[in-house]
A.B. asks: 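Mind having a look at this structure? Questions to follow.
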Amino acid sequence: MTLQIYNTLTRKKENFNAVEKKKMKMYVCGMTVYSDAHIGHARTYFAFDMIRRYFEFKGYKVTYVQNITDVDDKIIAAANKEGVNALEYSARFTDRCLKDLDNLGIRRADIYPKASETIPEMIDMIKDIVEKGYGYESDGDVYFSVEKFEDYGKLSGQKLEDLMSGARIDPGENKRNPFDFALWKKSKPGEPTWDSPWGPGRPGWHIECSTMSSKYLGLPFDIHGGGMDLRFPHHENEIAQAEAATGGAFANYWMHIGLLTVNGEKMSKSLGNIINVKDLLLKWDPEIIRFFFAQAHYRSPPDFSEKALENTEKGLTRIHRLKERLEELCKDIDSIESIKKEKLTDDERKFLQIIEDFKAKFENAMDDDFNTPEAVATIYDFVNASNKCVEDCSNPNQNICKYGLQTLLEFGKILTLFQPKKGTDDAIFVKKLQLLIGKYGKETDDEDLDNLMKIMLTLRQEARKRKDWIIADNIRNELREIGFEIQDTADGSVWRKI
RNA sequence: GGGCGGGUAACAAAGUGGCUAUGUGGCGGACUGCAGAUCCGCAUACGAGGGUUCAAAUCCCUCUCCGCCCUCCA
């Protein structure tokens, strides 16, 4: 199956055809940097990270550009309130926002162009637009004339007259049509200002994306994306500007990410329910948050809640358990030897088939417009089938286990799973274990986690032998409290960090 | 008013003209000293009404309800 993408422009799923063979060039509208990154940003950039990863998996060389809007009304307002320079202010938040997303485990784009560093190119594009008759100057401002651009409305599926009927926008004294939008804004006191053929001023919002995308990717490029909210007017205007200026096509596929809600409500400043990434990370493992995103299709609006994260965590743990189980089963081998089918037992052949099914189904799901919920379901199918298989075989073939593990890791990586955890400090666990061991009358200054756990489990095993279930259960509970889960199996007790 | 997208079991969330989605939760069983993990089994679905079809939750029509966008927003 070939990769299909739902294109907002045509409102259909289309086969993906790259502009340049085996390359994928993607531009995503980035953050306006005047406050910390929130979970809505996270959801959108998770989606594009996943999309980029899947293209890489498919063998594409990806160029991913995500702009930083660092010149904007809200930034200026916030900076003025604090009495600092607007560009310094936005530089500070650029750093903070990108770090928030780093901490969430979302991989960075390849290029983060800033509006403030692309002004000359924007002025050039505005000049082209005006020269070709699509823009006009009006008292130091420059506007785009939507009536001149025949295709205006093609992305959002609206005609100009439709827009007019429900218009609630300010006509604007200098505009010829209420839907005309600013390409260049005349300088006002207290604002960052650049010189231009129309006098001092600053760029309008929409022009930066038309300019930066074409500057870094060339036209046309493959995918242009952003949050659902940007479809109109932002993306509509971007198309108008770029295609008016160049006369050619802009982006081939438009992708829009469904907006996240919080406890069933739209997330907004006025409702006061904005959840910052920083705050969320205080309580939740980033992998759980990312996996929560993966469980909803990128075009649907997921509803965020603590309950949802709790459920996500439980499911994710099952996947991790299988991963650990397979790791244990194939720990003696470094790499897979070629698997000779004719030499396999029935059970082994069955396991191999489970893995092959998993591969086919996972890729099919992802090829179908990045259907991550279905892809996740194939992971669970794989988990269930593997668990059963491993249980049925007394001594599973290590090569096949390794093959299954590698497949799981490879697909997990596309969904951003299994990233190395950030320095969990063992020292605190060591300390707690030493104390617990002391409580049961043994002293140790051993600082090796495995050794300490071995001591604890031996203590418990002795209690179990003399059927002292109270001590045995206490030890199990106390270990759980300090972060270790104990399971008694036929081959003895095993532990894992919670 | 215009545009877009939805209504699936307790909840979340895919899919689809006939074949178990999946996860969390619930019930029963195996295993266990108990628990946990794991496995097996069970229950609860496709907003309403028409139509097409051998067969529709899936296609068509009508109705209804919900969300988002049309103002800054990922």
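Below, read A as the first sequence line, B as the second, and so on, with proteins coming before strands; counting in each chain starts at 1.
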A.B. asks: Does a nitrogen or oxygen in the side chain of A:Arg299 sit under 4.0 Å from OP1 or OP2 of B:G5?
C.D. replies: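 For B:G5, neither OP1 nor OP2 has a side-chain N or O of A:Arg299 closer than 4.0 Å.
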A.B. asks: Is any side-chain N or O of A:Asn311 closer than 4.0 Å to OP1 or OP2 of B:C11?
C.D. replies: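 It does not, given that no N or O in the side chain of A:Asn311 lies less than 4.0 Å from OP1 or OP2 of B:C11.
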A.B. asks: If each of A:Gln158 and A:Arg464 is mapped to the nucleotide of RNA chain B with the nearest heavy atom, which maps nearer the 5' terminus, i.e. the 5' end?
C.D. replies: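 The residue whose closest nucleotide sits nearer the 5' end is A:Gln158.
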A.B. asks: Under a 3.5 Å cut-off for both contacts, is B:C11 paired Watson-Crick or G-U wobble with anything, and if yes, with which nucleotide?
C.D. replies: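 Per the H-bond distance test, B:G23.
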A.B. asks: Using Watson-Crick or G-U wobble geometry with both distances below 3.5 Å, tell me the partner of B:G67, or none.
C.D. replies: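 With both distances under 3.5 Å, B:G67 matches B:C4.
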A.B. asks: Hey, what's the ring geometry for A:His256 with A:His235, parallel, tilted or perpendicular (30° and 60° as the breaks)?
C.D. replies: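 Tilted.
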A.B. asks: Distance check: side-chain N/O of A:Ser300 vs OP1/OP2 of B:G6, anything under 4.0 Å?
C.D. replies: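 No, outside the criterion.
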A.B. asks: With a 4.0 Å cutoff (strictly under), does any side-chain N or O of A:Asn387 reach OP1 or OP2 of B:C39?
C.D. replies: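 For A:Asn387, the contact criterion (side-chain N or O under 4.0 Å from OP1 or OP2 of B:C39) is met.
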A.B. asks: Is any side-chain nitrogen or oxygen of A:Arg476 closer than 4.0 Å to OP1 or OP2 of B:C34?
C.D. replies: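 For A:Arg476, the contact criterion (side-chain N or O under 4.0 Å from OP1 or OP2 of B:C34) is not met.
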A.B. asks: Using Watson-Crick or G-U wobble geometry with both distances under 3.5 Å, which nucleotide pairs with B:A55?
C.D. replies: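 Pairing partner, where one exists within any strand: none, as none qualifies.
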A.B. asks: In this structure, how many angstroms lie between the P atom of B:C11 and the CG atom of A:Leu309, rounded?
C.D. replies: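 To the nearest whole Å, that distance equals 19 Å.
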A.B. asks: By a 5.5 angstrom centroid cut-off and a 30 degree plane limit, is there stacking between A:Phe232 and B:G3?
C.D. replies: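 Not stacked by the 5.5 Å and 30° rule.
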A.B. asks: Please determine whether a side-chain nitrogen or oxygen atom of A:Tyr6 lies at a distance below 4.0 Å from atom OP1 or OP2 of B:G5.
C.D. replies: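 Looking at the OP1 and OP2 atoms of B:G5, one of them is under 4.0 Å from a side-chain N or O of A:Tyr6.
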A.B. asks: Between the side chains of A:Lys413 and A:Glu410, is the shortest nitrogen-to-carboxylate-oxygen separation below 4.0 Å, so that they form an ion pair?
C.D. replies: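 Salt bridge flag = no for A:Lys413 with A:Glu410.
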A.B. asks: Reckon A:Asn477 has a side-chain N or O less than 4.0 Å from the OP1 or OP2 of B:A35?
C.D. replies: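 Answer no for this pair, as no side-chain N or O of A:Asn477 is under 4.0 Å from OP1 or OP2.
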A.B. asks: Under 4.0 Å: is that the gap between some side-chain N or O of A:Trp205 and OP1 or OP2 of B:C73?
C.D. replies: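 A:Trp205 to B:C73 OP1/OP2: side-chain N or O found under 4.0 Å.
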A.B. asks: For B:U38, what is the paired nucleotide under Watson-Crick or G-U wobble rules, both distances under 3.5 Å?
C.D. replies: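 For B:U38, the partner nucleotide comes out as B:A30, under the 3.5 Å rule.
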A.B. asks: OP1, OP2 of B:A14 versus side-chain N and O of A:Thr372: anything below 4.0 Å?
C.D. replies: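 The answer is no; no side-chain N or O of A:Thr372 sits under 4.0 Å from OP1 or OP2.
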A.B. asks: Should the pair A:His38 and A:His41 be assigned to parallel (<30°), tilted (30 to 60°) or perpendicular (>60°) ring geometry?
C.D. replies: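 Ring orientation, 0 to 90° scale: parallel.
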A.B. asks: So, does A:Lys266 get its side chain near the phosphate of B:C69, meaning an N or O under 4.0 Å from OP1 or OP2?
C.D. replies: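 Yes, A:Lys266 has a side-chain N/O under 4.0 Å of OP1/OP2 on B:C69.
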A.B. asks: Which one is paired to B:U62, where only Watson-Crick or G-U wobble pairs with both distances under 3.5 angstrom count?
C.D. replies: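 Because both required distances fall under 3.5 Å, B:U62 counts as paired with B:A48.
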A.B. asks: Give a yes/no answer on whether the side chain of A:Arg496 brings an N or O atom under 4.0 Å of OP1 or OP2 in B:A37.
C.D. replies: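 For B:A37, OP1/OP2 do not have a side-chain N/O of A:Arg496 under 4.0 Å.
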